[in-house]
Protein chains: 2
Amino acid sequence: MTPVEELRYLILAAQREGNRRLGQALRPLGITPAQAEVLRLLEDRQPLTLSGLGELLVCESGTNPSRLVDRLVSSGLVDRVPGEQDRRQVELSLTPTGKRLARKVAGIEDELHRMLQSAGSAREIATVVGFLRTLVDGQPAGEALALRRD
Amino acid sequence: MTPVEELRYLILAAQREGNRRLGQALRPLGITPAQAEVLRLLEDRQPLTLSGLGELLVCESGTNPSRLVDRLVSSGLVDRVPGEQDRRQVELSLTPTGKRLARKVAGIEDELHRMLQSAGSAREIATVVGFLRTLVDGQPAGEALALRRD
DNA sequence: CATCACTAGATGTCGTGTCATGTATTGGTC
DNA sequence: GACCAATACATGACACGACATCTAGTGATG
């Protein structure tokens, strides 16, 4: 197997394992990794419209996340109200329960981050970040991240 | 956003974009990235049992890929016959059509690999590969890759 | 030979993830 | 003010991806 072929599968493997770990850690909270990303984004930037949220999500990039939000609304974690001056839009914000859960999610993410941190030196991590940035630059998922870096 | 938090999302973003690109390139062939992985594995290592295949797959690691194989069988790309001496097992191999398709898949993957190659120097790629290896080491998706490196 | 834990695979369920299409609302153009 | 392209969101369809459970076949133990 060539180094790049291995790299292709390593990216897949790393994403899968990260998601599996995060999913297990989130399970007691009754939410999934994708739902967690929405909660954390709303925590920092609410209120957001559906498409505004969609631009910032790395999971579900390119599509509108209406079904993802659906479940959060029916779980009572997110409020979805029609837009004031544009009735096509919806305005999303966290319910009190959602806000509480978002705080717990942040703690769980920190555990994952410590694990990531310990997988390499700061120099190595910087190299990996730089490499992956050039990889996703200019594509939907990359743009979502670029918006969030600011 | 801390570097590790960005890294976490970059891994997700890179996987998503890679999968999207590969999916678009494979669409004319009528198969998906996950199906392509099966075809390429069988091309190199047929015959395989279902669990043998499962151990080598990075996508669908940990679970048995019976439904993934189902679709390949009904598309006429894979043969699935009961095991000779153990009737619990099934023996998977490529049909002639499947073999032809696997060759085309290899060409499409090469395009992706060239794109990956051009995203960084050989040194950088080696660093990224090393980092991701330690990340997935010891977990199902990592073990699948380790088996395939030999 | 009967029993029974174990294994290989199939299947149910739920939540994405992606592409395509449908529908209501808006704002510009005549 | 009627028309119409564009926008925001919803929804249909299909294939995963992960977990749990089920079923049939196997082999070790007595």
Side-chain angles (χ1 to χ4, degrees), chain A residues 12-13 15-38 48-55 57-75 77 80-92 139-141 144, chain B residues 12-13 15-28 30-38 48-55 57-75 80-92 139-141 144:
Chain A
L12 174 56
Q15 189 275 322
R16 285 285 198 280
E17 291 303 339
N19 209 54
R20 221 172 44 79
R21 282 203 232 232
L22 185 54
Q24 284 177 356
L26 289 173
R27 178 179 284 245
L29 305 189
I31 61 174
T32 66
Q35 295 170 0
E37 191 181 356
V38 174
L48 284 172
T49 66
L50 196 63
S51 49
L53 175 64
E55 284 173 12
L57 282 174
V58 178
C59 77
E60 202 110 347
S61 44
T63 319
N64 78 44
S66 69
R67 271 177 285 226
L68 178 53
V69 169
D70 270 351
R71 295 197 189 83
L72 291 168
V73 171
S74 48
S75 307
L77 303 176
R80 176 177 49 190
V81 300
E84 296 281 310
Q85 81 283 43
D86 186 339
R87 293 211 312 271
R88 289 172 302 180
Q89 298 187 344
V90 296
E91 194 158 285
L92 304 171
Q139 302 191 258
Chain B
L12 175 56
Q15 189 274 323
R16 286 284 198 280
E17 293 303 340
N19 209 55
R20 222 172 43 81
R21 282 203 231 231
L22 185 55
Q24 284 176 358
L26 290 174
R27 178 180 284 244
I31 60 174
T32 65
Q35 294 170 1
E37 192 182 356
V38 174
L48 283 173
T49 66
L50 196 63
S51 49
L53 176 63
E55 282 173 13
L57 283 174
V58 178
C59 77
E60 204 108 348
S61 44
T63 318
N64 79 44
S66 70
R67 270 176 289 224
L68 180 53
V69 168
D70 270 352
R71 295 194 191 86
L72 291 168
V73 171
S74 48
S75 308
R80 176 177 48 191
V81 300
E84 297 281 310
Q85 81 283 42
D86 187 338
R87 293 212 313 272
R88 288 172 303 181
Q89 298 187 345
V90 296
E91 195 158 286
L92 304 170
Q139 301 191 259

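- A:Ser51 places no side-chain N or O within 3.5 Å of a backbone atom of A:Gly54 that could act as its donor or acceptor partner.
- At a threshold of 4.5 Å between non-hydrogen side-chain atoms, the residues B:Pro33 and B:Leu26 count as touching.
- For residues 16-28 of chain A, the pairs satisfying salt bridge (charged side-chain N to carboxylate O under 4.0 Å, His left out) are A:Glu17-A:Arg20, with sequence neighbours left out.
- With a 4.5 Å cut-off on side-chain heavy atoms, A:Val38 and A:Leu72 count as touching.
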Between the protein and nucleotides 23-25 of chain D, which nitrogen or oxygen pairs come in under 3.5 angstrom?
residue : atom : partner : partner atom : Å
D:dG25  : N2   : B:Arg88 : NH1          : 2.8

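- Every residue meeting the side chain to side chain contact (heavy atoms under 4.5 Å, CB included) condition with B:Val73, not counting sequence neighbours, appears here in chain and number order: B:Val69, B:Val78, B:Arg80.
- Within the 4.0 angstrom heavy-atom criterion, no nucleotide atom of any strand lies near B:Glu91.
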Open item on the list: What does the B/S/- profile of nucleotides 12-22 of chain D look like, 5' to 3', with a 4.0 Å heavy-atom cutoff to protein?
Closed with: BB-SSSBB---
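- For the pair B:Glu91/B:Thr49, no side-chain contact is recorded, criterion being any heavy-atom separation below 4.5 Å from C-beta on.
- For B:Pro65, the side chain to side chain contact (heavy atoms under 4.5 Å, CB included) criterion is met by B:Leu50, B:Leu53, B:Leu57, B:Glu60, B:Leu68, not counting sequence neighbours.
- Residues A:Cys59 and A:Glu37 have side chains in contact (heavy-atom distance under 4.5 Å, counting atoms from C-beta outward).
- A search for side chain to side chain donor-acceptor pair (under 3.5 Å) contacts involving A:Asn64 returns A:Ser66, not counting sequence neighbours.
- With sequence neighbours left out, the side chain to side chain donor-acceptor pair (under 3.5 Å) criterion links A:Arg88 to A:Asp86.
- Protein chain A contacts DNA chain C over a range whose 5' and 3' limits, counting nucleotides with an atom under 4.0 angstrom from a non-hydrogen atom, are C:dG15 to C:dT26.
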